[in-house]
Protein chains: 2
Amino acid sequence: MKLDSRLSSVLHVLLHMAEKETPATSEILSRYLGTNPVVVRRTMASLREAGLVRSERGRGGGWTLARQLSAITLRQIYEALGAPALFAFGNRNDRPDCLVEQAVNARIEGAMEEAEALLLARFEAVTLADLQADFRARLPVHLQEIHVHGRA
Amino acid sequence: MKLDSRLSSVLHVLLHMAEKETPATSEILSRYLGTNPVVVRRTMASLREAGLVRSERGRGGGWTLARQLSAITLRQIYEALGAPALFAFGNRNDRPDCLVEQAVNARIEGAMEEAEALLLARFEAVTLADLQADFRARLPVHLQEIHVHGRA
DNA sequence: CTTCATGTAACTTCATATGTTACGTTAAAT
DNA sequence: ATTTAACGTAACATATGAAGTTACATGAAG
């Protein structure tokens, strides 16, 4: 099953953007992901429509965050991406006539709904600021000061 | 994202098999799913390898359950299918050098592991007998007697 | 007016569950 | 024995959607 890695990708680049003062170009961001600038624009465009980031054209342009890191949750980003399907499995038919299949679907859907609620609750509870703190905690101690105090 | 509906499909046909005395052919089972007998054989073969069903060749052959309904959990069936990926999303790289990406991955993986544990726990708690009971509860009352007492 | 950036359409690539065709093997019925 | 009905399995086709790519238009700074 081919995985959708847009959420992972976009979180990665948003945090790199947060470490910069100036707008980050699609070209720069695409290098963090080992991909193509067009892929970055396509994905970031969804976030712009949701008001999470801004883009500027022309010389000196690029992408910037539209809000504080603490005001952007993973859930908001997930929704901005169009709330893509979370699960790689599902029922064969959504409205079967067969009573057996209805019984099977109901049990599977019940479990999926519980798992989805759990995932979305976790996404909602995490902000970009939390991820930035996680990242900084991974830095060697002598570098942590620079990032925490040396920048905006 | 294309969904894997093997779990749903196989549960559906297993319950139909449980309502029959004689072996069910791939041809018959494929009609419940609106698909091809070869697809049924391919999927059921995994269950046979896990000891959940038996197959017999030749005239009068077909598929039968190898255990009581109450002795087969959804989890066992899921494992028999090769424990396919549950999620349609994931990290872009599994072993990134980038500390930012590591922080992102850790958070996403944490949420996925929780959700996976929940799903598997639900699957483990449900047997085919539970699904059969669910199905029978959906029958009109005057038919429930026939199925509950009129058959093995 | 040149350069550098995004915006976007159109197309290709890739992975994989699913669908299909074909043929071999096995076992019961005749 | 031969026919028939079933599974076993390889090989190939189809469909879907994220990701990758190419091309060109638009807009802003120098």
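Letters go in sequence order (proteins before strands), and every chain restarts at 1.
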Using whole Å, what does the distance between atom [atom2] of nucleotide [N] and atom [atom1] of [X] come to?
X	N	atom1	atom2	value
A/Met44	C/dA5	CE	P	15 Å
A/Asn36	C/dT8	CG	P	16 Å
A/Glu27	C/dC4	CD	P	12 Å
B/Phe87	C/dT16	CZ	P	18 Å
A/Arg31	D/dG20	CZ	C1'	17 Å
A/Leu47	C/dT6	CG	P	14 Å

For [N], does OP1 or OP2 lie under 4.0 Å from any side-chain N or O of [X]?
X	N	value
A/Arg92	C/dG19	yes
B/Ser5	C/dA17	no
B/Thr35	C/dG19	yes
A/Thr25	C/dA5	no
B/Ser26	D/dC7	yes

Pair [X]-[Y], side-chain donor/acceptor within less than 3.5 Å:
X	Y	result
B/Ser8	A/Arg92	no
A/Thr25	A/Trp63	no
A/Thr43	A/Arg6	no
A/Glu19	A/Gln132	yes

- Query: Between the two ends of the helix from C/dC1-D/dG30 to C/dT30-D/dA1, what is the bend in degrees, rounded to 10 degrees, where each end axis spans five pairs?
  - Reply: 10°
- Query: What about B/Arg42: does its side chain form a donor-acceptor pair under 3.5 Å with the base of C/dG19?
  - Reply: yes
- Message: Counting only side-chain heavy atoms from C-beta out, which of D/dT21, D/dC7, C/dT20 sits nearest to A/Val38?
- Response: D/dT21
- Nucleotide nearest B/Asp4 when distance is taken to its side chain, options C/dA22, C/dT18, D/dA18: C/dT18
- Query: Within a strict 4.5 Å, meaning less than it, do heavy atoms of the A/Asp130 and B/Arg107 side chains meet?
  - Reply: yes
- Query: Would you say the side chain of B/Glu114 lies within less than 4.5 Å of the side chain of B/Leu118, judging by non-hydrogen atoms?
  - Reply: no
- Note on the structure: The answer to which of B/Arg48 and A/Ser9 contacts DNA chain D further toward the 5' end, by nearest nucleotide, is B/Arg48
- Earlier contact from the 5' end, DNA chain D, for A/Thr43 and B/Ala24: B/Ala24
- Reading 5' to 3' through nucleotides 23-30 of chain C, protein heavy-atom contacts under 4.0 Å coded B for base, S for sugar-phosphate only, - for none: -BBBBBS-
- Note on the structure: Between B/Gly34 and A/Gly61, the residue closer to the 5' end of DNA chain C by nearest nucleotide is A/Gly61
- Item | Sugar-phosphate, base or nothing in reach of A/Arg54, heavy atoms under 4.0 Å | nothing
- Is A/Glu27 salt-bridged to A/Arg41, cutoff N-O under 4.0 Å? no
- Task: List the steps and the verdict of side chain to side chain contact (heavy atoms under 4.5 Å, CB included) for B/Asn105 and B/Glu101.
- Result: CA-CA 6 Å; B/Asn105 281 5; B/Glu101 192 165 9; 4.0 Å; yes
- Query: Residues in ring-ring contact (aromatic ring centres under 6.0 Å, His included) with B/Phe89, at least two apart?
  - Reply: B/Phe87
